[in-house]
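Structure first, commentary second.
Convention: sequence-line order gives letters A, B, ...; per-chain numbering from 1.
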There are 2 protein chains.
Amino acid sequence: MTDTTMAERPHVRGSLNRDRVLHGAIEFADREGIEPLTIRRLADHLGVKPMTIYHYVANKEAIIDGMIDLVFDEIERPPADDAWRTGIRARAVSLREVLRRHPWATPLMESRTNPGAGTLGHHDALVACWYRSGLPLEFIAHGLAVVDAFVYGFAMQEAALPFGDHQGDLTEAAEEIILPLPTGDHPHLVRFTQEYVLQPGYDFGRSFDFGLDLILDGLEAAAARERAAGDA
Amino acid sequence: MTDTTMAERPHVRGSLNRDRVLHGAIEFADREGIEPLTIRRLADHLGVKPMTIYHYVANKEAIIDGMIDLVFDEIERPPADDAWRTGIRARAVSLREVLRRHPWATPLMESRTNPGAGTLGHHDALVACWYRSGLPLEFIAHGLAVVDAFVYGFAMQEAALPFGDHQGDLTEAAEEIILPLPTGDHPHLVRFTQEYVLQPGYDFGRSFDFGLDLILDGLEAAAARERAAGDA
DNA sequence: GACACTACTCGTACTAAGTACGATGAGTCA
DNA sequence: TGACTCATCGTACTTAGTACGAGTAGTGTC
């Protein structure tokens, strides 16, 4: 057998760059998770030896920073001409979709201290949309905090659902974790699992639209009240 | 000098147990964060050699599981006799306080697959409170998801704030990260930072009560609407 | 009081991961 | 052709998790 396998042939010079490293890392993390992402495994994934990676990034932290910045860049930014509610809603939905594609990213999005262009640009566009709403500054701050808290928190819970977040897996997991508990303990948990979670059409994701609209309704109503009080 | 230092004297037999290991780990993580928590450092903290720890726990994962279970146990459970809104609110506030004491815990709370007695007991009491509300099952599911998403997401954002979450630190951080950006880029971000975040009385935490009550109001209103529609 | 038994503690050492340092070698241009 | 550059990699050091088994302090028994 001739050794023409990708893995065995030395890597072609010049075919790597910072962007390919970061995208390779994201691909790997999407498939395997962030914990198994090591320099050595990433090198394998890129068809390269470990130390080659350090030609393009300072260290592993810089890889994570870069990955998160690319993820922020995937999020749809609120367009400049929409009503605030439309823009904020579209961006929230997009954020949630992006976090579904990259579940490993959720806990990292807000905790990095080296924001890149993607991160900053995203936040700038978001704040801009809130400003255009004409709401009082304090409402803007509340709106920013509450919507993001909800979306990130929801994404965290979704990420915790066993794998595909589509039936089957969840059913098995629920049956394996909740149902075999010491009989009689946790009756409400067991009841809820049987009565609701294990029912045919169950879909955790439905609570997302419900919650998002509930929050946006609440913000709008509170803003209207505020405005009325100001006029009086 | 006689060697009477704690650190130098061998550890007194029998003074360690699983609980002390877990509480020691929590103390350490509260002070230093979860990443610096290593078996060796935990051993030092406990005045013991690394391998001693393995007499009480199977491995590091089991330590994390145990820590999270203890954290769940710190959360106030909704009392059985309150109105649902009171109970849910108190528990949400308590959850947020607990997550402020243990910021490292937030991303782990919902992602462990080996729940212990504290975790299960907490969730059972929570579900019980929702059941007592008499709301339709689907509302209960939405309520569970939305309130927790908000609280966990908010805690995540709070944890990301630089240290003490009390002035000073935040001011410095905002000035160091946001203000020195390439001039003219991100004008809205800079504006918001200067106009709001860097103002004297700024307190991110104020958005918590605002958001929580907004969500609870929304849930109550939606439930009332639902009930009215059912009666008709 | 001597001995054996148990439970706790620890020394040693192996594996995996991040990465410093400097060697190698492929292109490129004079 | 030879020198220079820079992408790639080999080697090796450090830190972390932890398997294995040796020591040892108490405890109970005769």
Side-chain angles (χ1 to χ4, degrees), chain A residues 3-29 31-68 104 108 112-114, chain B residues 3-29 31-68 104 108 112-114:
Chain A
D3 68 344
T4 46
T5 331
M6 273 304 273
E8 289 174 9
R9 208 203 319 257
H11 187 258
V12 184
R13 260 178 114 87
S15 66
L16 201 58
N17 55 44
R18 186 186 142 92
D19 225 59
R20 260 188 249 279
V21 169
L22 297 181
H23 278 106
I26 290 178
E27 268 174 43
F28 187 95
R31 196 149 350 120
E32 314 278 344
I34 192 98
E35 273 175 29
L37 176 68
T38 69
I39 297 289
R40 287 162 218 260
R41 278 198 272 258
L42 175 56
D44 273 357
H45 181 69
L46 295 169
V48 114
K49 300 290 166 164
M51 288 313 292
T52 304
I53 290 176
Y54 287 91
H55 190 69
Y56 300 100
V57 295
N59 51 39
K60 196 179 177 183
E61 282 298 284
I63 297 181
I64 311 276
D65 283 341
M67 292 166 76
I68 293 298
W104 49 269
L108 302 175
R112 303 264 94 198
T113 50
N114 269 317
Chain B
D3 69 343
T4 44
T5 332
M6 272 305 273
E8 288 173 11
R9 209 204 319 255
H11 187 259
V12 184
R13 264 176 110 89
S15 65
L16 201 60
N17 56 43
R18 187 187 140 92
D19 226 58
R20 262 188 246 278
V21 168
L22 297 181
H23 277 106
I26 290 178
E27 267 173 44
F28 187 95
R31 195 149 351 120
E32 313 279 345
I34 192 100
E35 273 174 28
L37 175 67
T38 69
I39 297 289
R40 288 164 218 260
R41 278 198 272 256
L42 175 55
D44 273 357
H45 182 69
L46 295 169
V48 114
K49 301 291 165 162
M51 289 313 292
T52 304
I53 291 176
Y54 287 92
H55 190 70
Y56 301 98
V57 295
N59 50 39
K60 196 179 176 181
E61 283 298 287
I63 297 180
I64 311 275
D65 283 341
M67 292 166 76
I68 293 298
W104 50 268
L108 302 175
R112 304 264 93 198
T113 50
N114 268 317

(message) Rounding to an integer number of Å, can you tell me how far B/I53 CD1 sits from D/dC20 P?
(response) 19 Å
(request) Looking only at side-chain atoms of B/T38, point me to the closest of D/dA16, D/dT8, C/dG18. (result) D/dA16
(request) Send over the distance from B/L42 CG to D/dG17 C1', rounded to a whole Å. (result) 13 Å
(request) Could you tell me whether the phosphate oxygens of C/dC21, OP1 or OP2, come under 4.0 Å of any side-chain nitrogen or oxygen in A/Y54? (result) no
(request) Measure from the side chain of B/K60, starting at C-beta and using heavy atoms only, and say which of C/dG18, D/dT18, D/dT8 lies closest. (result) D/dT18
(message) If I take atom CG in residue A/L46 and atom P in nucleotide D/dC9, what distance separates them, rounded to the nearest angstrom?
(response) 11 Å
(message) So if I take every side-chain heavy atom of A/T52 and compare against D/dC9, C/dT9, C/dG18, which nucleotide ends up nearest?
(response) D/dC9
(request) Considering just the side-chain nitrogens and oxygens of B/H55, establish if one lies under 4.0 Å of OP1 or OP2 belonging to C/dT9. (result) no
(message) Check whether A/R41 reaches the backbone of A/P36 with its side chain - one donor and one acceptor, N or O, closer than 3.5 Å.
(response) yes
(request) Give the rounded distance in Å between these two atoms: CD of A/E35 and P of C/dG18. (result) 12 Å
(message) Using the rule side-chain contact (heavy atoms from CB on, under 4.5 Å), only one of B/R31, B/E32, B/R40 pairs with B/H45; which is it?
(response) B/R31
(request) Find the distance B/K49:NZ to D/dC20:P and express it as a whole number of Å. (result) 23 Å
(request) Using atom CE of A/M51 as one end and atom C1' of D/dG10 as the other, report the distance to the nearest whole Å. (result) 10 Å
(request) Find which nucleotide of DNA chain C each of A/A58 and B/L16 is nearest to by heavy atoms, and output the residue with the more 5' nucleotide. (result) B/L16
(message) Expressed as a whole number of angstroms, how long is the span from B/F28:CZ to D/dA16:C1'?
(response) 13 Å
(request) May I ask you to say whether A/R112 pairs ionically with A/E61, meaning some side-chain N is under 4.0 Å from a carboxylate O? (result) yes
(message) Please report the distance, rounded to the nearest Å, between OH in B/Y56 and P in C/dC10.
(response) 10 Å
(message) Could you check whether atom NZ of B/K60 has more than 12 heavy atoms from other residues, nucleotides or ligands sitting under 6.0 Å from it?
(response) yes
(request) Name the closest nucleotide to the A/R40 side chain, picking from C/dG18, D/dC9, D/dT8. (result) C/dG18
(message) For a quick test of reading the model: is some side-chain N or O of A/R41 closer than 4.0 Å to OP1 or OP2 of C/dA16?
(response) no
